[in-house]
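Beneath this line is the structure, given in structure tokens, with notes to follow.
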There are 2 protein chains.
Amino acid sequence: MSELARTPNQIGTIIQRARKKRGWTQAQLAERAGLRQETISLIENGGKDAKLTSLLSILAALDLEFKIDARSRSEHRDIEALF
Amino acid sequence: MSELARTPNQIGTIIQRARKKRGWTQAQLAERAGLRQETISLIENGGKDAKLTSLLSILAALDLEFKIDARSRSEHRDIEALF
DNA sequence: GAGCTTTATGCGCTAAATCGCATATTATAA
DNA sequence: TTATAATATGCGATTTAGCGCATAAAGCTC
């Protein structure tokens, strides 16, 4: 199941959920990704404009990855919600 | 059809292919994304560590989007290639 | 409540992305 | 080849992510 990631906040939320699902602290994720706890905090909360390589390190540490796809308007939404 | 994007170079290549498919120059994409032609060039060639917001602007301009997914080792590969 | 862990925030610093402009290099077309 | 467009590269200036350290704030457990 892929998760849509159109904004820094959405990406931060996805990262945070994945981290908690694994039972890791920000510090643990930071170490695995080669970053600092403060940086993880900022990225999870969309507080700063992360660098691509930071995100790639975080995703790799969480065993996740980016995919690039054509935009879809109604993805993951009930058809009724369109009307 | 999603495209895997694990490295800055892969992302740059995907962006470049999408841009050319639309018949746009780097300058045209840059304007739509609120960036400069030089920046597009650097990102397409993986020459710099782009900012997340720059990538999101570029993807939006191309009508693309990020998705985050669990890593899969053999995606898009023939099963025979594993042996 | 106290004590401990985890997360968020602040400040100065360094490194690097992006800007702005120019120009070189490469590709395309005639 | 020549002319033109597109892309890549260089340099100084500005902006900002991430570092390092400290600490405040929030959660959690007892």
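The structure presented is a predicted model; accordingly, all values stated were derived computationally and were not measured. Below, read A as the first sequence line, B as the second, and so on, with proteins coming before strands; counting in each chain starts at 1.
Between T39(A) and the phosphate of dC19(D), there is a side-chain N or O to OP1/OP2 separation shorter than 4.0 Å. Residue N45(A) places no side-chain N or O under 4.0 Å from the OP1 or OP2 atom of dT7(C). Here R19(B) reaches the OP1 or OP2 of dT7(D): one of its side-chain N or O atoms lies under 4.0 Å away. Dashed line: the shortest gap from a side-chain N or O of T25(B) to OP1 or OP2 of dA5(D) is not under 4.0 Å. For dA8(D), the OP1/OP2 oxygens have no side-chain nitrogen or oxygen of Q37(B) closer than 4.0 Å.
Rounded to whole angstrom, the span from the CD1 atom of I15(A) across to the P atom of dT7(C) amounts to 14 Å. Rounded to a whole Å, the CD atom of E44(B) is 7 Å from the P atom of dA8(D). Put simply, CZ on R17(B) is 16 Å from P on dT7(D), counting in whole angstrom units. Whole-Å rounding puts the L52(B) CG to dA17(D) P distance at 10 Å. The nearest whole Å value for the distance from the CH2 atom in W24(A) to the C1' atom in dT7(C) is 18 Å. When the C1' atom of dA17(D) is taken as reference, atom CG of L55(B) falls 14 Å away, rounded to whole Å. To the nearest angstrom, C1' of dA15(C) lies 13 Å from NZ of K48(A). When the P atom of dT7(C) is taken as reference, atom CG of L42(A) falls 13 Å away, rounded to whole Å.
In this structure, CG in L55(B) is found 8.0 Å from CZ in F66(A), a value given to the nearest 0.5 Å. Distance CG/L62(B) to CD/Q16(B): 11.5 Å, rounded to 0.5 Å. Atom CD1 of I43(B) is separated from atom OG1 of T39(B) by 6.5 Å, given to the nearest 0.5 angstrom.
Side-chain N or O atoms of E44(A) include none that pairs as donor or acceptor with a backbone N or O of S41(A) at under 3.5 Å. Within the 3.5 Å criterion, the main-chain N or O of W24(B) finds a donor-acceptor partner in the side chain of R19(B). Side chain of D69(A) to main chain of E65(B): no donor-acceptor pair is present (N/O by atom type, distance under 3.5 Å, no hydrogens or angles).
Along DNA chain D, the nucleotide closest to K51(B) and the one closest to Q16(B) are compared, and the more 5′ of them pairs with Q16(B).
Comparing dG20(D), dT9(C), dC21(C) against the side chain of R36(A) picks out dG20(D) as the nearest. Among the nucleotides dC19(D), dA8(C), dT9(C), the one closest to any side-chain atom of L35(A) is dC19(D).
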Worked check of side-chain contact (heavy atoms from CB on, under 4.5 Å) between L64(A) and I15(A): CA-CA 9 Å; L64(A) 299 175; I15(A) 288 172; 5.8 Å; no
Tabulate protein N/O versus nucleotide N/O from nucleotides 25-30 of chain C, keeping only pairs under 3.5 Å, one per line.
none

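Counting non-hydrogen atoms under 4.0 angstrom, E38(B) reaches a base of the nucleic acid.
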